[in-house]
Amino acid sequence: MKKLLILMLLCLLPVAAMAREASVAAPVYPYEYMGEMVAEHESESLVWQIEKCKVDKATVYVTKVWMADPGRQIGKAASDWRENIKNAATLAQQEPDASLIINASGYVTRTYKWIPDNYPGTNSDYYFTPLGSVTVTDGEVFRCLEGVPYYGLTLNTDGLRLHVGDDPQEVLAQNPTQTWSFYVECPIISDHTSILDPEWKFTNSKAMRTVIAKMDANNYLILTVTSKNTGLTMARVVEFLQEEFDPEWAYNLDGGPSSALMYRDGKGKLRTVWKNGQKNVDIMTFAELPETEAAGE
């Protein structure tokens, strides 16, 4: 009987290996959306499509991204800490292998001085730095406010993770290589359920938006709302995402004047789909795996 079981297991091993290969061999979108195709890219490790459509009266870009290994393909380029913030195109030069680029963390300026009450220090300590109690760039920890819950994204070995009020020490214990953060209200969908704060000032105010959503382990979605005067409320964004895509989670990155959606064409030239000109504290990038890794060598 034992010999029979062992033989059965040995027979199943090649099948399991083939299944694992198939799971990363090509993108399998768990959703469909028909819009005007703006740009697309396909390789063994990275597939993305940028579609343009109208939601109500707002012009919206829906970007679908599939990665074979998100933990190694998602990246970040950041401005110097507390000074010399740069526009998205300049930051993109720091990541020459990035195929797709979007704006990311929000930050404090002298015009918008809002600092959470539980943050220590003074306004000058936070000018031109990401909002959020934890800030990590390329594995280096720049901020960890003890006892201040973290609301934001981290990049871990399995890809992006959403944090909704997590303890900073527990966040760092997971060894993230990157973080992105904005207001504490920015986690808007968790476990396929809306967690949008109805009292948040942006919930019912129309504006430009950049929202990233996780569909599954390999598939992500980026929603870029471009219309300045006829944008979408956050409530409408959540409704649209849930009705059309039903993501696992969704997070509102900095948008408005910081909005950016860019890609590199087949010749490596940076192309701009949408930007509104304001500088960014950091960007989020999506790149291919090196060819040897993608081929499994």
Listing request: all ring pair (Phe, Tyr, Trp, His ring centres under 6.0 Å) pairs with a residue in residues 258-278, at least two apart in sequence or in separate chains. Trp48-Tyr263
Could you tell me whether a side-chain N or O of [X] sits under 3.5 Å from a main-chain N or O of [Y], the two making a donor and an acceptor?
{"X": "Ser133", "Y": "Val148", "value": "yes"}
{"X": "Tyr119", "Y": "Thr122", "value": "no"}
{"X": "Glu239", "Y": "Ala235", "value": "no"}
{"X": "Thr203", "Y": "Asp197", "value": "yes"}
{"X": "Ser227", "Y": "Thr59", "value": "yes"}
{"X": "His192", "Y": "Pro247", "value": "yes"}
{"X": "Thr193", "Y": "Asp191", "value": "yes"}
{"X": "Arg264", "Y": "Ala98", "value": "yes"}
{"X": "Glu288", "Y": "Ser99", "value": "no"}
{"X": "Ser45", "Y": "Leu289", "value": "yes"}

Pairs satisfying salt bridge (Lys or Arg N to Asp or Glu O under 4.0 Å), at least one member in residues 172-186, at least two apart: none
Non-neighbouring partners of Pro70 that pass side chain to side chain contact (heavy atoms under 4.5 Å, CB included), sequence neighbours left out: Met67, Ile74, Asn218, Tyr220
Pro120: partners by side chain to side chain contact (heavy atoms under 4.5 Å, CB included), with sequence neighbours left out: Tyr126, Leu145
[X] and [Y]: which non-hydrogen atoms are nearest, and at how many Å?
{"X": "Ser190", "Y": "Ile195", "value": "CB-CD1, 3.9 Å"}
{"X": "Asn103", "Y": "Ala260", "value": "OD1-N, 2.7 Å"}
{"X": "Leu232", "Y": "Arg209", "value": "O-NE, 3.1 Å"}
{"X": "Leu221", "Y": "Phe245", "value": "CD2-CD1, 3.6 Å"}
{"X": "Pro130", "Y": "Thr135", "value": "CG-CG2, 4.0 Å"}
{"X": "Lys86", "Y": "Ser79", "value": "N-OG, 3.1 Å"}

Linking Ile, Leu, Val, Met, Phe, Trp and Tyr through side-chain heavy atoms less than 4.5 Å apart, which residues share a cluster with Phe142? Trp81
Got a sec, which hydrophobics cluster with Leu91, joining ILVMFWY side chains under 4.5 Å apart, including via others? Ile101, Met262, Leu270, Ile283
Sorted by chain and number, sequence neighbours left out, salt bridge (charged side-chain N to carboxylate O under 4.0 Å, His left out) with Asp56 holds for Arg236
Mind checking what makes salt bridge (charged side-chain N to carboxylate O under 4.0 Å, His left out) contact with Asp158, not counting sequence neighbours? Arg161
Check the surroundings of atom NZ in Lys206: do more than 12 heavy atoms from other residues, nucleotides or ligands lie under 6.0 Å from it? no
Results of side chain to side chain donor-acceptor pair (under 3.5 Å) for [X] - residues two or more places apart only:
{"X": "Arg271", "answer": "Asp265"}
{"X": "Tyr107", "answer": "Gln278"}
{"X": "Thr129", "answer": "Arg143"}
{"X": "Gln242", "answer": "none"}

Gap between atom CH2 of Trp114 and atom OH of Tyr183 - 0.5 Å precision: 7.0 Å
Rounded to the nearest 0.5 Å, what separates atom OG1 in Thr63 from atom CD1 in Ile50? 4.5 Å
Are a donor atom and an acceptor atom from the side chains of [X] and [Y] found within less than 3.5 Å of each other?
{"X": "Ser259", "Y": "Asn276", "result": "no"}
{"X": "Lys76", "Y": "Thr137", "result": "yes"}
{"X": "Ser258", "Y": "Lys279", "result": "no"}

